[in-house]
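Working notes for the structure below.
Throughout, protein chains are lettered first and strands after them, A, B, ... in sequence-line order, and every chain is numbered starting at 1.
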Amino acid sequence: MGVIFILLFVSLAIALLFLWAFLWSTKTGQFDDDISPGVRILFDEEKSKTNNN
Amino acid sequence: MVVMDEKTSVKLHCEHCGLECENDLIKLEEHSFCCEGCKLVYTLINETGLCNYYNLNEHPGINQRTSVRENKFSFLDDDSVESQIIGFRNNDFTQVVFYLPAIHCSSCLYLLENIHRFNKGIINLEIHFARKEAKIKYKHKEVGLREVAELLTRLGYEPHISLRDVAGAKPKTSKSLIYRLGIAGFCFGNIMMMSFPEYLGLHGSEKSMTGLFRTLNLLLAIPTFFYSATPFFTSAWSGLKNRFLNIDAPVSVAIIVTFGRSVYEVMAGVGGGFFDSMSGIIFFMLLGRVLQDKTYQHLEFDRDYTSYFPIAVTTIQKGEEVPVQVSALKKGDLVRIYNEEIIPVDGILSNGKAYIDYSFVTGESAVNRIETGEIIYAGGKQMGAAIDLLILKDVSQSYLTQLWKQTKVKSRTDQDQKSFVHYLSKYFSYLVFSISALAGIYWWIHNPANIFPAMTAVLIVACPCALLLSNSFSNGFIIRLLGYNKFFLKDALSIEFIAGIKHIVFDKTGTLTDTSHYKVHYEGSELTQPEKLRIAATARQSRHPLSKAVSDYLGIRQVPTIISFEEFPGQGTKSIFEGYEIKLGSEEFTGQMQNSDNRSRVCVVVNGEYKGKFYIENQYREHAEEVIAGLKKKYQLTVLSGDNDKDAASLKKVFGENSTIIFNQKPEDKLIYIKNGQKQKQTVMMVGDGLNDAGALMQSDVGIAISDTRNNFTPASDVILGAESFSKLPALLRLCADGKKIIIGSFILSILYNIVGVYFSVTAQLSPLVAAILMPASTFSIIIFTYTTSLVMARYRRLSTGAA
């Protein structure tokens with residue numbers, strides 16, 4: 001019986017963690033712009049000034 | 001002497017902007033450029049080592065042929081202006097957000113986000129692509145705001161700074177609905193999980209757990225009820241205060257009854273309650289609302305004149321140029337307006353040659369010549385060298401500003417009350433309350449113990465939530481489908497209004513016609529190639545739109561420069577070239593016989609010999625005739641044109657005998673026409689484009705603004721229609737009308753579930769399990785039904801059903 005108690009609260013705690021993550025990411029505007037983050041990640045860090053083509 | 005080079009078969013494209021180069025004179029290493037401006041930007045980018053800009057996309061640059069005036073951003077040196085634009089400042093850095101309309105591709109993102117390599121004073125720059133905004137952090141001790149703006153401009157990304165940036169905070173999109181949705185989703189999921197043990201049955205020692213599960217459910221239901229569901233309660237309450245029963249009222253009653261009964265059951269220990277059904281329906285209703293509140297971040301629907309007006313202008317004080325904020329301009333000030341600048345205030349021309357383009361105000365693209373001492377109205381754009389104006393009125397009292405104030409902003413709450421959903425829900429609610437009452441009376445006679453369970457169960461099961469869901473989901477899907485077809489709605493309510501439209505009023509210029517294209521034809525003796533070249537060269541010299549149309553029509557790209565050239569405003573142009581005297585212009589100017597023909601035309605006279613006439617007509621948009629033919633069967637059509645009646649006959653032919661076509665309409669005439677129509681209980685839609693239609697667009701029940709390029713500024717409206725989708729207009733309007741049928745169809749479908757639910761309810765057999773099956777089943781049917789039918793209707797209307 002005791003194990004159900006533990007599992008119950010562990011599962012709730014995990015769910016709460018995800019809820020917090022969702023609310024936090026919404027609040028900090030991570031869903032605001034759905035275009036630039038995806039493009040930005042593809043840019044190489046510039047190592048040299050020479051053209052690599 | 002310039003000889004046309006017939007051999008240049010390989011077309012050169014500008015390395016920077018991709019435009020075809022007129023010649024191959026402007027070169028750097030192996031790259032060609034169309035103009036010095038593009039070459040300069042290329043050099044700048046190349047020196048900084050950001051040439052990846054050109055590798056990411058082909059020709060990503062912004063054409064630099066028209067250069068920006070040197071001191072354009074000098075007003076940013078003014079502390080009071082600067083403080084109104086910047087967002088945040090501390091000792092070390094300043095943060096500012098600029099709107100950069102030129103942002104269009106990943107190269108832009110790459111270049112701009114590396115802007116700190118051009119100027120060490122800039123800490124970083126972050127692009128919000130959808131809004132085309134750049135958030136810039138810079139060390140104000142090392143670099144000024146003006147320098148930042150000028151650097152952006154040099155790279156081709158001129159920030160658009162308008163009076164609106166100062167005048168008011170832009171409305172922020174509220175995220176509270178998303179938070180509510182997130183919390184409702186969390187609670188719904190967990191309550192469902194916790195309800196399973198009870199549904200599946202607990203045995204023996206497990207029975208002691210029942211209380212725990214129920215209490216947890218109750219705890220989880222509390223935030224759903226008191227936080228997530230509040231939009232429904234507040235909407236219902238504000239409706240009731242205005243003596244109006246909207247759909248949220250019966251929905252709120254159902255939520256409150258469900259919550260009350262469930263709390264009672266848990267507290268009294270008689271059952272588990274309906275917390276899962278309640279949180280589920282709240283979650284789905286919020287989801288529908290989020291779906292229906294789709295916003296287009298790159299579009300603005302509520303622009304007023306402040307979005308068009310500059311924030312500051314140059315004034316002349318004691319012979320010196322001083323930038324002054326537009327809001328601080330006083331009567332009697334002398335302002336200097338440069339080429340392509342918008343005049344923010346009514347004034348008298350005191351110096352310079354004014355060629356004012358009022359297309360912003362009137363929709364007409366013709367340039368007006370204004371003499372010294374005459375009045376120039378706010379909203380005009382100077383096309384030529386700088387002019388000086390003596391201010392007559394304050395900005396807030398200018399003609400254009402006044403026009404704006406005449407129209408009230410449409411009140412959406414008033415409009416919302418007209419929605420059929422509320423009426424349907426009212427009758428539906430009466431029905432539900434009667435069934436509930438009848439069930440109560442029945443059990444009062446037969447078994448009083450069942451009165452409470454039966455009556456509440458009816459209210460729980462048969463709430464008009466299904467109608468609300470049908471409405472918001474079908475609106476949400478239709479908004480998206482319309483959006484795929486470049487028909488952008490300000491809000492979901494517009495769908496229903498579009499469906500109810502009886503009368504459509506069109507503006508002519510810029511709406512039915514395409515201002516960037518003219519239809520030109522030539523009548524007269526045939527022109528030889530050298531003659532064409534000479535005419536094109538002469539026409540090219542003039543900035544009159546008719547001259548431009550002629551030179552475009554002749555299609556000669558490379559024209560020699562003419563040394564002897566004279567323009568006679570309002571009459572024509574004259575040039576002497578290769579020993580020929582060429583005169584282009586009106587009959588009077590060229591010495592021809594006047595005739596009563598009122599079409600736009602340009603006469604050609606070479607060495608005193610009459611050659612012929614170019615007739616220039618506004619070209620109608622592609623498929624304009626089909627669009628009108630498609631609409632005239634169903635709607636009453638009117639054309640209001642600010643133009644003269646030269647197109648009367650051709651318009652009448654297209655629009656048919658039953659239509660009304662009125663010419664010489666001033667902006668306020670259009671507004672009054674719409675008002676009069678509405679007084680006769682007509683629902684009127686206005687389709688327009690320029691600021692001259694702004695009043696009418698706001699007054700009409702549905703205002704559609706046509707936008708030629710997406711960056712273009714459109715006046716305040718309910719719908720923004722991309723010009724490329726103009727041909728789809730009848731189909732789009734029909735899809736909006738289909739929306740209502742889809743809502744009703746989906747509602748009927750959900751009533752079938754309700755009938756099953758009501759059977760269980762009146763017989764006092766409604767268990768939480770039955771409710772927990774019925775609720776999601778009916779919700780998913782609604783979602784699937786509205787999604788598929790709207791998709792099928794869009795396909796049937798031959799509209800595109802995916803993002804382009």
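Put simply, the side chain of Arg40(A) never gets that close to the backbone of Tyr110(B): no donor and acceptor are under 3.5 Å apart.
With a 4.5 Å cut-off on non-hydrogen atoms, Ile183(B) touches chain A through its backbone and its side chain both. Heavy atoms closer than 4.5 Å to chain B are found in the side chain of Leu19(A), but not in its backbone.
Annotation: the span from Thr26(A) atom OG1 to Lys175(B) atom NZ amounts to 7.0 Å, rounded to 0.5 Å. Between the CG atom of Asp32(A) and the NE2 atom of His128(B) there is a distance of 5.0 Å, given to the nearest 0.5 Å. Taking CG of Leu216(B) as the reference point, atom CG of Leu8(A) lies at 5.5 Å (rounded to 0.5 Å). Distance check: Met194(B) CE to Ser11(A) OG gives 5.5 Å after rounding to the nearest 0.5 Å. Note that the OH atom of Tyr179(B) and the CG atom of Leu23(A) stand 7.0 Å from one another [nearest 0.5 Å]. From Leu212(B), atom CG reaches atom CD1 of Ile4(A) across 9.5 Å, with rounding to the nearest 0.5 Å.
With sequence neighbours excluded, no residue forms a ring pair (Phe, Tyr, Trp, His ring centres under 6.0 Å) with Tyr53(B). Take Phe283(B) and apply the ring pair (Phe, Tyr, Trp, His ring centres under 6.0 Å) test, not counting sequence neighbours, and it matches Phe188(B).
Heavy atoms of other residues, nucleotides or ligands lying less than 6.0 angstrom from OH of Tyr227(B) number more than 12.
Annotation: maximal heavy-atom pairing with chain B below 4.5 Å, among Pro37(A), Gly29(A), Ser36(A), occurs at Ser36(A).
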